[in-house]
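First comes the structure, then the notes that go with it.
The shown structure was predicted, so the numbers you read here are calculated from the model rather than taken from an experiment. Basis for what follows: all heavy atoms, side chains included, without hydrogens, waters or symmetry-related copies. We name chains A, B, ... by the order of the sequence lines, and we start the count at 1 in each one.
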Protein chains: 2
Amino acid sequence: MATNRSYNDLCGLAHALDLIGERWALLVVRELLLGPRRYSDLRAELPGISSNILSQRLDGLVTAGTVTRRTLPPPAGSTVYELTAWGRQLEPVVLQLGHWGARSPGHPAGDHLSAVSLILSLRTNLDPTAARDDDLALELVMRRERFHAHLAHGTLTTGRGPQPHDTRAPDATVAATPMTLATLLYGPHDLDSAVTAGNATVAGDTTAAARFLTRFALPDTADVPPGR
Amino acid sequence: MATNRSYNDLCGLAHALDLIGERWALLVVRELLLGPRRYSDLRAELPGISSNILSQRLDGLVTAGTVTRRTLPPPAGSTVYELTAWGRQLEPVVLQLGHWGARSPGHPAGDHLSAVSLILSLRTNLDPTAARDDDLALELVMRRERFHAHLAHGTLTTGRGPQPHDTRAPDATVAATPMTLATLLYGPHDLDSAVTAGNATVAGDTTAAARFLTRFALPDTADVPPGR
DNA sequence: CAGCATCCCGATTGATACTG
DNA sequence: CAGTATCAATCGGGATGCTG
């Protein structure tokens, strides 16, 4: 019952849109790309989504086989939603579409940025040549949640929580909102002034943190013919 | 006026969905991937879209900068819609999402297939190792329109009309509906019986045509945990 | 006929309140 | 916390009409 309003088209694209083409669906998928989330997490990370719509989308994604609903073992006992293996294969689509959207001449309106978006943007916006000789392990803390970003020899590893199977401690820990981190990565601000302004805190090797932040850049805006 | 119902999210994905996330929008883009089309062409190739919705989507895509509206020089004089350079960069997204959708366990319901979808499916579903040693130039005719598909050394070139800058004549010409071609490529039928049944006609090297058709295969269906 | 604009109606979405 | 229930607003689909 995802929708009975199918495109009725044998094309794979049309069928994909039957499954994840409804409003909010792909943003829910985005939020799940870094691991399982609870219903209330998703609500918090997708401001603007209504409670009933989130329910409907999750239902649709579950019946489509993109997401599974799972109850965590005790003592947690909470129910979480998680991408299936097939659902995880939407990652390249999400990243490419995000990259495409970031090039839009229609300015980046909006005022919200989720932690997941910020982390995924690192994967898309890394400048591998600038980072060629780096070996930097950062811990990013956004809204109480910890993420890792490990940049070694032009390759980036990111995820929620600490770096798995990594005994090495992060070179630095930066705590800030996703918005602040975005301005540090892509915008005009630098780490020092953000710290003095009280918008970010750094622990560990501040120089390493600052260098890490310079290794990312937004793609160029596409230039399009004079509108209309 | 694409939508005043924006996600209001700085994330590139959310912005992309503001632009091409509405119903039918990405299917319109798909139909434009092989070159400019007129309004009425799009209507014919997207059965189910309402005339006013097609208008709205084209407006939205044009103001977003994804599509341009152009009047062909005389004597044609008709107006066509065409992807901008930035719009063409949606191709990998469309192909990947189509490939993802084709793996859905929810069966390929529906009864329609556009000529563009069929051609694009060739790009996604080529088996390069099977085609490693081929050098086959086919002309495909669907609903009066000609397309070329040239397979050389594991690489496929496809497009509308004849192969450009290619003096070599096609090895064979196959005329059929996109649906019939799909069953020949991916389904149970073979070229000979389709011809005898009157569903396809072949001119030129029939063996080459038949060999070409065996070089493509649908991706495996994803297996997902028992739904709900 | 191509390219929309209008009107109507059902389907989808959104805001909010409410429940186990 | 994890949703469901309700109702208003909006959107999409289909038919139809208009304009060059």
**Prompt:** Taking only residues two or more places apart in sequence, or in another chain, which ones meet A/D41 in a side-chain hydrogen bond (donor to acceptor under 3.5 Å, both in side chains)?
**Reply:** A/R38
**D/dC1 OP1/OP2 closer than 4.0 Å to side-chain N/O of A/Y81** = no
**Request:** For C/dG3, take OP1 and OP2 only and decide whether either is under 4.0 Å from a side-chain N or O of B/S78.
**Result:** no
**Request:** Find which nucleotide of DNA chain D each of A/Y7 and A/R69 is nearest to by heavy atoms, and output the residue with the more 5' nucleotide.
**Result:** A/R69
**Distance below 4.0 Å between A/R38 side-chain N/O and D/dG3 OP1 or OP2** = no
**Message:** For the backbone of B/L46 and the side chain of A/Y7, can you confirm whether one donor and one acceptor N or O come within less than 3.5 Å of each other?
**Reply:** no
Polar atoms only, N or O, under 3.5 Å: list the protein pairs with nucleotides 18-20 of chain D and their distances.
none

**Message:** What is the distance, to the nearest angstrom, from the CG atom on B/L17 to the C1' atom on D/dC11?
**Reply:** 17 Å
**Message:** Output the rounded distance in Å from CG (A/L42) to P (D/dA2).
**Reply:** 9 Å
**Message:** Donor-acceptor pair, distance only, cut-off 3.5 Å: does the side chain of A/S114 make one with the backbone of A/S117?
**Reply:** yes
**Prompt:** Under 4.0 Å between a side-chain N or O of A/W24 and OP1 or OP2 of C/dT12?
**Reply:** no
**Asked** Between C/dA2 and B/T79, is there an OP1 or OP2 to side-chain N/O distance shorter than 4.0 Å?
**Response** no
**Request:** Measure up the B/W100 and A/W86 rings against each other and bin them: parallel (under 30°), tilted (30 to 60°), perpendicular (over 60°).
**Result:** parallel
**Message:** Does a side-chain N or O of B/R23 approach OP1 or OP2 of D/dG13 to a distance below 4.0 Å, or not?
**Reply:** yes
**Asked** Just how far, in rounded Å, is P of D/dG12 from CG of B/L58?
**Response** 14 Å
**Request:** Could you tell me which non-hydrogen atom of A/A64 sits nearest to which non-hydrogen atom of B/P105, and how far apart they are?
**Result:** O-CD, 4.4 Å
**Complete:** For A/E45 and A/H112, the nearest pair of non-hydrogen atoms, with its separation, is O-CE1, 3.3 Å
**Message:** Under a 3.5 Å cutoff, is there a donor and acceptor pairing between the side chains of B/Y39 and B/S51?
**Reply:** yes
**Item:** For A/E91, all residues meeting side-chain hydrogen bond (donor to acceptor under 3.5 Å, both in side chains), sequence neighbours excluded
**Value:** A/R123
**Asked** Who are the ring-ring contact (aromatic ring centres under 6.0 Å, His included) partners of A/F216, not counting sequence neighbours?
**Response** A/F212
**Net bend of the helix from C/dC1-D/dG20 to C/dG20-D/dC1, end axes of five pairs each, nearest 10 degrees** = 30°
**Atom pair distance, as rounded to whole Å: CD in A/E45 and P in D/dA2** = 12 Å
**Request:** Could you identify which residues of residues 46-55 of chain A place a heavy atom less than 4.0 Å from some atom of DNA chain D, listed by residue number, or say none?
**Result:** A/S51, A/N52, A/S55
**Item:** Nearest-Å distance for atom pair CG/P, residues A/L61 and D/dG3
**Value:** 13 Å
**Request:** Measure from CD on B/Q56 to C1' on D/dG13 and round the result to the nearest Å.
**Result:** 11 Å
**Request:** Check whether any side-chain N or O of A/R5 sits under 4.0 Å from OP1 or OP2 of D/dG12, and answer yes or no.
**Result:** no
**Message:** Distance check needed: D/dT16 P versus B/R43 CZ, whole Å only.
**Reply:** 13 Å
**Request:** From the options B/T180, B/L113, B/L118, select the one residue that forms a side-chain contact (heavy atoms from CB on, under 4.5 Å) with B/M142.
**Result:** B/L118
**Message:** Please determine whether a side-chain nitrogen of the Lys or Arg among B/R37 and B/E31 lies less than 4.0 Å from a carboxylate oxygen of the Asp or Glu.
**Reply:** no
**Item:** Heavy-atom check, side chain of A/R103 versus side chain of A/T221, under 4.5 Å
**Value:** no
**Prompt:** Between C/dG3 atom P and B/R57 atom CZ, what is the distance in whole Å?
**Reply:** 18 Å
